[in-house]
Amino acid sequence: MKVFKFNPQTLQFEQYPYFGKIIKVLGVYTFVFLFTIWGLGNSNQKVEYITDIENILLIDSNNEFSEDKFISMLDEINLPYPHITLAQAKLETGNFTSKIFNENHNSFGQKEARVRINLAKGTQYGHAYYSSWEEGILDYAYWYSTYASKCKTEEQFYQLLDRVYAEDELYATKLKAMVEEENLKGLF
C-alpha cells in the first residue's frame with residue numbers, strides 16, 4: 001500500500017512511503033481513523049498533511065493487473081461513461097498488450113500533464129509513466145475532471161475525444177464500434 005499527499009504548489013501527489021507498512025498492519029479504515037484523530041490532537045505541530053485527510057490517496061501497489069480489476073476500478077471511481085473509458089483503454093493499449101501499457105502503466109496513451117493535477121512520474125517513450133496501472137487510471141480521472149466533466153451526454157463525450165484527445169480522425173467511431181461489438185456497456 002502506498003500513501004500519497006497532494007501538493008497544491010506542484011499539482012502532484014507526493015509519496016509518504018513509511019505509512020504503507022502501517023496500513024498493512026492496521027487496515028485502511030483503522031489507519032485513516034487513527035491518522036485523523038492523531039492529526040487533530042497534534043494540530044499545533046507541523047502535521048498539516050495529517051489533518052488534511054481528504055487530500056490523501058491510498059494505492060495498493062501489489063495489485064497485479066487484470067481486466068476484471070481494471071473494470072472494477074473504473075466502476076469504483078464512478079466516472080461517467082465507463083464503457084467508453086474502457087474502450088479507450090483497450091484501443092490505446094492494443095487490448096492491454098502495448099509497451100506503453102506494460103512498461104509505463106499507461107492505459108490511455110496520455111502524455112505527461114503540465115497544467116493539471118497528475119500522478120505521472122515523468123515521460124518515457126513519449127508518454128507519461130506511472131508506478132502502477134491504478135495510478136494511470138486515477139490520472140485519467142484527473143484528466144476527465146479537468147477537461148470532460150461538462151459533457152452531459154455520451155455524444156458530447158465522443159465529440160470531445162475526437163476534438164482534444166486523439167489524433168485519429170476516426171477515434172470516436174472506433175470507440176463506438178468497440179463498445180457495441182464487445183457489449184462494454186453490459187460490464188457496468
Go through it in stages, so that I can follow the logic: the residues are E134 and M73, the test is side-chain contact (heavy atoms from CB on, under 4.5 Å), and I'd like the CA-CA distance, side-chain angles, deciding distance and then a yes or no. CA-CA 8 Å; E134 295 98 334; M73 185 167 180; 3.6 Å; yes

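- The distance from atom CD of E112 to atom CG of L119, rounded to the nearest 0.5 Å, is 11.5 Å.
- For the atom pair CD1 (I71) and OG (S66), the distance works out to 8.5 Å, reported to the nearest 0.5 Å.
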Decide yes or no on side-chain contact (heavy atoms from CB on, under 4.5 Å) for K69 and W133, but give the supporting numbers first. CA-CA 10 Å; K69 289 178 183 178; W133 62 268; 3.7 Å; yes

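- Summarising the geometry of D162 relative to A172, their closest heavy-atom pair is OD1-N, 3.0 Å, with the distance given to 0.1 Å.
- A continuous path of Ile, Leu, Val, Met, Phe, Trp and Tyr side chains, each step under 4.5 Å between heavy atoms, connects I77 with Y147, placing both in one hydrophobic cluster.
- Relative ring orientation between Y165 and W143 is described as perpendicular, the plane-to-plane angle rising above 60° on a 0-90° scale split at 30° and 60°.
- Remark: the backbone N or O of T97 is paired with a side-chain donor or acceptor of N102 at under 3.5 angstrom.
- Between K152 and the options E155, Q156, E154, a side-chain contact (heavy atoms from CB on, under 4.5 Å) holds for only Q156.
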What verdict does the ring-ring contact (aromatic ring centres under 6.0 Å, His included) test give for Y158 and Y171, after you've listed the backbone C-alpha separation in whole Å, the side-chain angles of each residue and the deciding distance to 0.1 Å? CA-CA 9 Å; Y158 280 125; Y171 192 69; 9.2 Å; no

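- In terms of hydrophobic clustering, with Ile, Leu, Val, Met, Phe, Trp and Tyr side chains grouped at heavy-atom distances under 4.5 Å, I117 and F108 are assigned to a common cluster.
- N104 places a side-chain N or O within 3.5 Å of a backbone atom of Q124 that can act as its donor or acceptor partner.
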Dump the intermediate steps for side-chain contact (heavy atoms from CB on, under 4.5 Å) on T93 and I100, then the final yes or no. CA-CA 7 Å; T93 64; I100 301 300; over 6 Å; no

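- Each of K174, K176, K90 was scored for a salt bridge (Lys or Arg N to Asp or Glu O under 4.0 Å) with E182, with one residue passing: K90.
- Taking NZ of K150 as the start and OG of S145 as the end, the distance is 11.5 Å to the nearest 0.5 Å.
- Side-chain atoms of T146 come within 3.5 Å of backbone atoms of Y142 as a donor-acceptor pair (strictly under, hydrogens ignored).
- Using the six-membered ring where Trp is involved, Y140 and Y144 have ring planes that are tilted, between 30° and 60° apart.
- Of the residues K111, K121, R116, the one that meets the salt bridge (Lys or Arg N to Asp or Glu O under 4.0 Å) test with D139 is R116.
- I84 places a side-chain heavy atom less than 4.5 Å from the side chain of F157.
- Counting heavy atoms from C-beta on, the side chains of L184 and L187 come closer than 4.5 Å.
- L79 is connected to F188 through a chain of hydrophobic side-chain contacts under 4.5 Å among Ile, Leu, Val, Met, Phe, Trp and Tyr, so both are in one cluster.
- Taking the six-membered ring where the residue is Trp, the centroids of F101 and F65 are separated by under 6.0 Å.
- Between E103 and Y129, every side-chain heavy-atom pair lies at or beyond the 4.5 Å cut-off.
- Proximity of a side-chain donor or acceptor of T123 to a complementary backbone N or O of G126 within less than 3.5 Å is not detected.
- Of the possible donor and acceptor atoms, one in the side chain of D168 sits under 3.5 Å from a partner among the backbone N and O of L170.
- Note that NZ of K185 and CG of L86 are 13.5 Å apart. Values are rounded to the nearest 0.5 Å.
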